[in-house]
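All values below were derived from every heavy atom in this structure, side-chain atoms included, with hydrogens, water molecules and symmetry-related copies excluded. These numbers were taken from a predicted model, which means no experiment stands behind them. Just follow the structure's listing: the first ligand is 1, and inside any ligand the first atom is 1. Starting from 1, each residue takes its place in the sequence as its number.
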Amino acid sequence: MNRLFLSLFAFLVLLGGLAACPSSSVRAQDLSRYPIIPWPRHIEPHPGAFPLTEATRLAVSDPTDGDLRAVAEAWADRVRLASGLPLPLADAPVTDAEEGTVAFVLDPVAALEAEGYRLVVTPASITVTASTHAGLFYGAQTLRQLAPVAIERGGLVRGADATAWEIPAVIVEDAPRFGYRGLHLDVGRHFFPVSFIKKYLDLMALYKLNRFHWHLTEDQGWRIEIKRYPKLTEVGAYRKETLVGHYDNQPQRFDGTRYGGFYTQEEIREVVAYAQARHITIIPEIEMPGHSLAALAAYPELGCTPGPFEVATRWGVFEDIYCPKEETFTFLENVLTEVMDLFPGEYIHIGGDEAPKARWEQSAVAQEVIRREGLADEHALQSYFIRRIERFLNAHGRRLIGWDEIVEGGLSPTATLMFWRNWNEEALHQAAAQGNDLIMTPNQTLYFDHYQGDPTTEPLAIGGLTTLEEVYAYEPVPASYSEDEARHVLGAQANVWTEYMKTPQKVEYMVFPRLLALSEVVWTDRAARNWFAFRGRLPAHLDRLNVLTVTYRPLDR
Ligand code: ACM
């Protein structure tokens, strides 16, 4: 029998099974047996459960496919560590459900979307099917969430273990609404070690996010080793002290303590591989022309004035930015060449936000570029700057992402806009008119540096207020968009600016549980989103986050 017939046969057997055991006999309340976040496209509850026992086997459709084995083994390793069960991987390929087996089946002809999967759990077997490794990986995350919370503990408990190692019977057919499901981290304002970046990526994967926007350069610190320009990290990775308390507290006070750190290229490669194993693409951000004081402190000749410059010790927007000299473009191209060598993803983020034009207005060099290129003003010069960098990236097979300011003064239609200034609807109209792709990260709803409750009882934050429910209610496609325009909305992302987050614990507090709401915004079909149902599934996840030692913000009572 060929594959197609096999699939058809399996489908008929499944239909027969469903008729014999109608899902209508499982009441809607039983959905509480399936606390899955993000909620899947289609779920069919069934009675009974698959017991994980000493006899349970693991199997894959092609044991010679290392990536496929890795997906299956990553799931099985969690069970093994927490339960002590052996779950041996079968040598022989499986293409379908097999008694007593947890099978991961890569089936290129399965009619499943790129990141979609089908999960069938019966009392006799478990089968995850997908047409891509990513789809199988997401099926494995759903299977992880259906397992007892103990699956997260990474080891055996002492004494008697009361865990019932079983998975409730179910059929799930699932695929994401958006292809770009992102989370950002600013490591410039505060620096976070590789161990925390890995934990962050682990948690993203559990909630089926697939893009990590790593904000690597800032006024307050340059965080990525660039071999050709060692002073970027020798000088630019360290500031002499840091503002204490909120920026608005006057007079401002400083802690008098040198602060900094950076990632070596070796560490970056390690993180990139770690992300790849979790089907996460990293989008590195190298800011230009603004937010570049740390680079100017290292190489003052890149500024419009002689300097000297200092790595910033307070927050905000600074007037010293890169000067549009040939020397600056050479520098940035050399930096980007090393960045492209480290990060294999298609997209490179070049910032482009918050670049005051005061220095360019006073600079003979900048004015000469305006004259030479026939540009209208300094905004057009910013546009020239960005387009030139975009041409360089495109020539190397990469695509540019920038904050929505890059639309000002004209933008090439191939650039992707990261929309953050929700007060600036004009950028949305311009992008729609030009056909630019968009990633939605509106300040009002997806800035996870905002307070999530009463500021008088919350730990210090930058300001704002974005509750869990507001994140959940967010709709990425602008209401004014036509269906054609909506296709340019690649997805959404939460931004985590760390002026007021000094520790990994504080980052976790600001990100969780809001990240779980975001995961349904970007994965779950709009019509299937339901705040009350989500709220009902949350406690099971907070139990899981406890085991994973995530310092989340407790829910409001
Ligand atoms: C931004 O928040 N400046 C992108």
Short list, please: which atoms of ligand 1 are under 4.0 Å from a heavy atom of Trp497?
1 (C), 2 (O), 4 (C)

For Tyr447, atoms of ligand 1 separated by under 4.0 Å from a heavy atom
1 (C), 2 (O), 4 (C)

Measure centre to centre between the rings of Phe392 and His396, then say whether the value is under 6.0 Å.
yes

Got an N/O contact under 3.5 Å between Trp420 and ligand 1?
no

If I apply the N/O under 3.5 Å rule, does Glu354 come out as touching ligand 1?
yes

Return the orientation label for the [X] and [Y] ring planes: parallel under 30°, perpendicular over 60°, tilted otherwise.
| X | Y | value |
| --- | --- | --- |
| Phe212 | Tyr200 | perpendicular |
| Trp214 | Phe343 | perpendicular |
| Tyr447 | Trp420 | parallel |
| His184 | His215 | tilted |

Identity and separation of the nearest protein heavy atom to atom 3 (N) of ligand 1:
Asp353 OD2, 2.6 Å

